[in-house]
Novice: 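Quick one: the structure is below, and I'll ask about it shortly.
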Amino acid sequence: MSKFQLILTIVFGIFIVMGVLVFSFVRTSSVPPSYVTIWGTIPQEIFNEVLSQSPLGKSKILILTYVQKNSDTFDQDFVEALASGTGPDVVLLPHEEILKNQSKLFTIPYTSYPERTFKDNFIQEGELFLSSKGVLALPLTVDPLVMYWNRDIFNNANLPTPPTYWDEFYGLAQKLTTKDGALNITRSAVALGGWRNVTNAKALVSTLLLQAGDPIVKNNGTKNDVVLGDSVQNLPISPAVAALTFYTEFSNPAKPFYSWNPALPESQNMFISGDLATYFGFASEISSLKLKNPNLNFDVTQMPQSRNSGDKITFGELQAFAIVKTSKTIGGSFGAITSLTSPDNVALFARALHLPPASRLLLASVPKDPYLTIFYQSSLWSMGWFDPNAPYTERSLQIMIENITGGKARLEVAISKARDEIKAMLNN
């Protein structure tokens with residue numbers, strides 16, 4: 001190529017590049033922005049803080065507005081807003097609320113968000129949001145149930161480590177539970193067997209059922225069905241009977257490992273006061289525990305597991321973004337939630353909320369913080385179930401436990417009654 005040809009080629013090349021850039025700018029600037037309103041129950045200042053640190057906060061294409069709602073009145077506010085045509089485009093809610101409101105939500109087709117991509121991106125519990133037609137929500141953070149333990153109580157009893165398996169509590173309860181002259185419990189090894197004064201009783205009972213192999217509600221591919229108490233082939237008793245027998249017998253005064261009754265304080269308060277050796281709480285509770293008793297010498301570990309199961313499981317509270325069916329900007333809402341659940345933005349939310357991320361990529365890098373190490377590991381074990389109406393199912397499970405411990409119904413009968421009530425809620 002001659003020198004003249006070379007110069008000519010370069011000049012034409014420059015003009016082509018400039019033309020592409022100008023065309024791109026004109027095209028981009030001509031696209032109208034999408035205004036996306038998000039409702040959620042996390043604090044307004046936390047969402048705003050994350051947005052200010054994310055490129056999304058400076059986007060001219062996606063204009064996000066977050067509105068903090070009261071969790072107690074969210075359902076009513078949501079229904080009224082939808083009826084008046086002023087509902088949000090996106091909701092950020094716990095997984096129970098997402099699943100309960102699925103008829104109001106837009107299902108993202110797998111052509112837009114492949115199932116393979118979802119499973120690669122998010123923890124296993126997130127698969128609660130996968131349906132035969134597509135994805136119901138994209139997970140953000142997870143709050144796993146863990147076990148806090150009082151180091152002083154264990155040290156004074158010459159016990160170097162907390163229990164790893166549930167059956168260890170039989171011996172532990174006899175060693176650590178103390179009673180006064182009137183046989184009143186003054187210090188307990190574990191809060192098992194009750195409901196009203198057992199903090200997180202529903203999450204704890206759910207964990208035991210899931211670990212035993214009872215998913216409570218199961219999706220058969222086309223619909224959800226209540227399977228609580230179903231028998232399993234080659235097992236002499238159902239998983240639910242095994243799990244609930246274990247849970248309730250710690251409140252039986254006739255048992256040598258009796259360690260809990262309704263007259264005791266709330267289990268979280270008893271742990272904070274230093275009179276409960278182990279406490280089952282969510283990862284999010286750690287700051288509150290430290291604040292309420294700065295002198296409490298405690299540590300945290302994963303939830304105990306069953307020796308008979310090869311799967312490690314704990315209950316986890318999953319927060320997720322979902323698109324509202326009536327949104328006037330489905331495309332913009334989809335762009336918003338896919339961006340908000342990208343690893344960079346999830347990391348910002350997790351740091352601001354002091355919770356583990358639901359992103360597999362982020363969980364692969366375990367932090368140095370000793371507490372977060374446990375929380376991250378527990379996040380990968382987290383599971384949940386399709387809860388049709390959290391307050392009502394909690395009431396059904398409470399009655400089930402109290403009927404068993406109060407001798408009002410045989411265990412199988414109490415389980416069957418709870419099963420029928422949950423099924424009625426699901427059908428409605």
Side-chain angles (χ1 to χ4, degrees), residues 143-180 184-208 211 246-251 255 257-305 314-317 354-356 369-375 377-378 394 398 401 405:
D143 192 359
L145 198 68
V146 294
M147 185 174 77
Y148 297 94
W149 57 286
N150 185 307
R151 298 174 69 186
D152 288 336
I153 293 178
F154 276 80
N155 291 341
N156 292 335
N158 296 318
L159 296 171
T161 57
T164 304
Y165 298 101
W166 287 114
D167 58 15
E168 295 178 67
F169 280 95
Y170 292 126
L172 197 69
Q174 297 178 66
K175 192 164 189 176
L176 298 183
T177 300
T178 59
K179 304 178 182 70
D180 62 17
N184 297 310
I185 295 173
T186 55
R187 187 184 71 193
S188 174
V190 63
L192 291 173
W195 192 279
R196 296 174 191 267
N197 61 344
V198 176
T199 313
N200 308 315
K202 184 180 180 181
L204 177 53
V205 169
S206 295
T207 296
L208 287 167
Q211 287 182 358
F246 170 80
Y247 181 77
T248 54
E249 59 188 357
F250 283 86
S251 63
K255 298 288 186 180
F257 41 82
Y258 165 62
S259 57
W260 198 253
N261 63 53
L264 292 169
E266 184 87 11
S267 59
Q268 188 195 71
N269 293 334
M270 195 165 175
F271 181 76
I272 290 169
S273 67
D275 296 318
L276 181 62
T278 57
Y279 166 66
F280 307 111
F282 286 100
S284 58
E285 295 179 43
I286 191 163
S287 298
S288 174
L289 295 176
K290 289 179 178 180
L291 184 65
K292 290 178 179 178
N293 187 353
N295 298 316
L296 185 66
N297 183 18
F298 74 90
D299 204 348
V300 63
T301 189
Q302 291 95 349
M303 282 292 286
Q305 300 294 310
T314 189
F315 183 83
E317 185 71 74
H354 306 291
L355 286 174
D369 182 281
Y371 296 134
L372 283 177
T373 299
I374 300 298
F375 299 158
Q377 291 169 350
S378 298
E394 174 152 7
Q398 177 183 342
I401 294 296
T405 57

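As the structure is a computational prediction, the values presented were derived from the model and not from experiment. Side chains included, hydrogens not; waters and symmetry mates left out as well; all remaining heavy atoms used.
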Novice: Residues two or more places apart in sequence or in another chain: which of them pass side chain to side chain contact (heavy atoms under 4.5 Å, CB included) with Asp180?
Specialist: Ala182, Asn184, Thr186

Novice: Measure the spacing between CD of Gln174 and OH of Tyr258 and express it to the nearest 0.5 Å.
Specialist: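 Interatomic distance, Gln174 CD to Tyr258 OH, rounded to 0.5 Å: 14.5 Å.
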
Novice: Please collect all side chain to side chain donor-acceptor pair (under 3.5 Å) contacts where either partner lies in residues 156-166, sequence neighbours excluded, each pair once.
Specialist: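 Sorted pair list: Trp166-Gln211.
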
Novice: Would you say Leu176 and Thr278 make side-chain contact, with heavy atoms under 4.5 Å?
Specialist: no

Novice: Compare every heavy atom of Val146 with every heavy atom of Thr301, then report the nearest pair and how far apart it is.
Specialist: O-CB, 3.5 Å

Novice: Who are the side chain to side chain contact (heavy atoms under 4.5 Å, CB included) partners of Glu285, not counting sequence neighbours?
Specialist: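 Here the qualifying residues are Tyr148, Asn200, Gln268, Tyr279, Phe282.
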
Novice: Answer yes or no: is there a donor N or O on one side and an acceptor on the other, between the side chain of Thr405 and the main chain of Thr248, under 3.5 Å?
Specialist: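 Pair absent, no side-chain N/O of Thr405 close to backbone of Thr248.
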
Novice: Side chains of Thr199 and Glu266: do they bring a donor and an acceptor to under 3.5 Å?
Specialist: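 There is such a pair between these side chains.
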
Novice: Examine distances only and state if a side-chain atom of Asn297 and a backbone atom of Arg151 form a donor-acceptor pair shorter than 3.5 Å.
Specialist: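 Checking the backbone N and O of Arg151 against the side chain of Asn297, no donor-acceptor pair under 3.5 Å is found.
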
Novice: Would you please name every residue forming a side chain to side chain contact (heavy atoms under 4.5 Å, CB included) with Asp369, sequence neighbours left out?
Specialist: Tyr371, Leu372

Novice: Sorted by first residue and then second, give each salt bridge (charged side-chain N to carboxylate O under 4.0 Å, His left out) pair with at least one member in residues 185-199; sequence neighbours left out.
Specialist: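 Every pair satisfying salt bridge (charged side-chain N to carboxylate O under 4.0 Å, His left out) with a residue in residues 185-199: Arg196-Glu402.
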
Novice: Quick check: do Met303 and Phe315 have side-chain heavy atoms less than 4.5 Å from each other?
Specialist: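 No - every pair of side-chain heavy atoms lies 4.5 Å or more apart.
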
Novice: Any donor and acceptor pair, going by atom type alone, linking the side chain of Thr177 with main-chain N or O of Ala189 inside 3.5 Å?
Specialist: yes

Novice: OG of Ser259 to CG of Leu172: how many Å apart, nearest 0.5 Å?
Specialist: 9.0 Å

Novice: Which residues satisfy the ring-ring contact (aromatic ring centres under 6.0 Å, His included) test with Trp149, sequence neighbours excluded?
Specialist: Phe154

Novice: Sort and list the pairs that fulfil salt bridge (charged side-chain N to carboxylate O under 4.0 Å, His left out) and have at least one residue in residues 155-179, not counting sequence neighbours.
Specialist: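 Pairs touching residues 155-179 that pass the test: Asp167-Arg307.
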
Novice: Quick check for you: to the nearest 0.5 Å, what is the distance between Asn261 atom CG and Asn197 atom CG?
Specialist: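 Between atom CG of Asn261 and atom CG of Asn197 there are 7.5 Å.
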
Novice: With sequence neighbours left out, write down each residue that passes side chain to side chain donor-acceptor pair (under 3.5 Å) with Ser251, or none if nothing qualifies.
Specialist: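 Ser251 satisfies side chain to side chain donor-acceptor pair (under 3.5 Å) with no residue once adjacent residues are dropped.
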
Novice: Residues two or more places apart in sequence or in another chain: which of them pass salt bridge (Lys or Arg N to Asp or Glu O under 4.0 Å) with Asp152?
Specialist: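 Salt bridge (Lys or Arg N to Asp or Glu O under 4.0 Å) list for Asp152, sorted by chain: empty.
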
Novice: Not counting sequence neighbours, which residues clear side chain to side chain contact (heavy atoms under 4.5 Å, CB included) with Asp275? List them please.
Specialist: Met270, Ser273

Novice: For Phe298 and Lys290, which heavy atoms make the closest approach, and how far apart are they?
Specialist: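 For Phe298 versus Lys290, the nearest heavy atoms are CZ-CG, 3.9 Å.
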
Novice: With sequence neighbours excluded, what pairs up with Tyr247 under the ring-ring contact (aromatic ring centres under 6.0 Å, His included) test?
Specialist: none

Novice: Would you call Gln302 and Pro144 a side-chain contact if the rule is heavy atoms closer than 4.5 Å?
Specialist: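 Counting from C-beta outward, Gln302 and Pro144 never come under 4.5 Å.
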
Novice: Side-chain contact, heavy-atom cut-off 4.5 Å: Leu296 with Phe271?
Specialist: yes

Novice: Could I get the full list of side chain to side chain donor-acceptor pair (under 3.5 Å) partners for Thr314, not counting sequence neighbours?
Specialist: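 Checked Thr314 against side chain to side chain donor-acceptor pair (under 3.5 Å); zero matches.
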
